[in-house]
Each structure stands twice: as structure tokens, then as C-alpha cells.
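Some notes on the structure that comes next.
The structure presented is a predicted model; accordingly, all values stated were derived computationally and were not measured.
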Amino acid sequence: MWKWLHPYAKTENAYQLCKTLQPYFWGVAVVALVVGTIWGLAFAPQDYQQGDSFRIIYIHVPSAILSMSTYVAMAVAALVGMVWQWRTAFMAMIAMAPIGAVMTFIALFTGAAWGKPMWGAWWVWDARLTSELILLFLYLGVIALYSAFEDKQQAGKAAGVMALVGVVNVPIIHYSVEWWNTLHQGATISKFDKPSIAPEMLWPLLLNLLGFAAFIAAVTVMRLRNEIVRREIQRPWVVELAQQELGGRNAV
């Protein structure tokens, strides 16, 4: 099942794939986020209990879900890098880490802003909030550990181990509302058979979830391209690529 990935262990192929996918990811991100955000903020009905304050859900929920999903993707990239010794996998891992950290911060910030009117406090040591904060520290730890090594192959392995160990926190975040008595509400959109949210509120939320996911993918491939060029700067294909880019600018 991994055979289709093998060609992208080569940095040049990975770079070209990123270049191909990037405009599609940006297109989906822009369309989904514009439509979903306008629909959710301007046209979705008020919540019968929370009024308009519930509309923060269109930022908070996608960022919270994707903060966990991005960490899992980062851990998978770390596993691939360690098992098959793919440099591109470690590059993908570190390309995702800052984006995941930003998503986690957004989830925590919007959660605090939502919690103030609902709970009467900006922060409580709720099980989900605390485990989400730990996720932010894990992202920052992976970034710091990777930056601490001059040998980036060794840096990838060290940071990859930390990413794999930290992935145990993801199910803790997801199931914390079921395992412990917390203030945080339970699942809403994940109960597809009977979601706890009206369809006219659900659809813009799903659009924003798609838009955030596409945005993360777009920024990841952009960062991965930059990381590949930085790491392979002496390779002939990178030198040729730079000459082509310079020639194109001079022609303009």
C-alpha cells in the first residue's frame, strides 16, 4: 500500500508534487473558508441558548479538530521517516509542526473566548483544555528539538521519536469528555448518525473544516518546498531550478 509513495522519497519528486498540489489546496481553502465563514457568521440561525456567541464554533471547532489531525499526520510522517529512512518524511514532519502549533493556539484562544460567557471564566483546568494545552507544548517541543541539532537527519529522528511518544495525547484529548467529568461539551459533528447540531448550522461548519484542512495542506506543501530547497541547495536540480527562476524574472 506504500508503493505509490516510494517515488516521493526522492526530494526532486516530492518538490514537484508539492508544486502541483499547492494551487489546488489554495483554491479549495479560499472557496470553502469564504463560503463557510460568511454562511456561518451571517446566515446561520442563532443558537436558542447561546445566541450569537455560538458562532465562534466556526473557528474553534475546525482548529481544534485539525490541531489533533495535524499532529497525527506529523507522527505518521515521523514513523515513515524512521522506518524507511526517508528524508522527505522528516521534512514533511517539521513542515507541519508550526502550522499545527498555530492551530492549537487558535483552538485554545477561541475556546477561552467562548468559555468566558458560557462558564464565567477564561480558563479552567478542564480535562480537554489541559490536554489541548499539552498538545501545544508537544508541538513546540518537536520544533525546539529539531532546531537543536545541526545534523538535520539526526534532528528528524530525535524530533520524530518525540512526535510518536506524544501521539498518545491525541486520544486523551478526544475522549476526555467521556472519561472524566468536565465542563466541556461532548461530540457534535462526529455523531454522523444523529449530530447534535441543526443542519443549517452544520453545513457551514463542515465547509470551514474543509477550508481549514485545505489551508493547512497548502501551507504545509509550501513550507515543504522551501525546506527541500534549503536542504538540497547544492544539488544540480536545485541549482538549475534557481537559474530558471532567475531567468524568468530577468525576462519579465
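In this structure the side chain of W114 reaches within 4.5 angstrom of the side chain of I57, judged on heavy atoms. In this structure the side chain of I94 never reaches within 4.5 angstrom of the side chain of F90, judged on heavy atoms. Taking the side chain as every heavy atom from C-beta outward, W86 and M91 never approach each other to under 4.5 Å. Within the 4.5 Å cutoff, the side chain of L224 has no heavy atoms near those of the M96 side chain. A heavy-atom distance below 4.5 Å is not found between the side chains of V167 and V76. Taking the side chain as every heavy atom from C-beta outward, L209 and V61 never approach each other to under 4.5 Å. No side-chain heavy atom of C18 sits under 4.5 Å from any side-chain heavy atom of M222.
Proximity of a side-chain donor or acceptor of T70 to a complementary backbone N or O of S67 within less than 3.5 Å is not detected. Remark: side-chain polar atoms of K152 are paired, donor with acceptor, to backbone N or O of Y146 under 3.5 angstrom. Side chain of N169 to main chain of S131: a donor-acceptor pair is present (N/O by atom type, distance under 3.5 Å, no hydrogens or angles). No donor-acceptor pair under 3.5 Å is formed between the side chain of T130 and the backbone N or O of A127. Within the 3.5 Å criterion, the main-chain N or O of A107 finds a donor-acceptor partner in the side chain of H60.
Between the side chains of R55 and Q46, no donor-acceptor pair of N or O atoms lies under 3.5 Å.
Electrostatic pairing of R223 and E227 does not count as a salt bridge here, judged by no charged N lying under 4.0 Å from a carboxylate O. A salt bridge links E232 to R87: at least one charged side-chain nitrogen sits closer than 4.0 Å to a carboxylate oxygen.
Considering every non-hydrogen atom in both A155 and F149, the closest pair reads CB-CB, 3.4 Å.
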Subject >> Verdict with reasoning, V238 to E12, per side chain to side chain contact (heavy atoms under 4.5 Å, CB included) >> reply: CA-CA 8 Å; V238 177; E12 184 175 1; over 6 Å; no
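In terms of the side chain to side chain donor-acceptor pair (under 3.5 Å) criterion, T104 has no residue partners (sequence neighbours excluded). Residues satisfying the ring-ring contact (aromatic ring centres under 6.0 Å, His included) test with W26, not counting sequence neighbours, are F215.
Between F54 and Y58, the ring planes lie perpendicular to each other; the angle is over 60°, past the 30° to 60° tilted range.
Annotation: Y15 is in aromatic contact with W237 [ring centroid separation under 6.0 Å].
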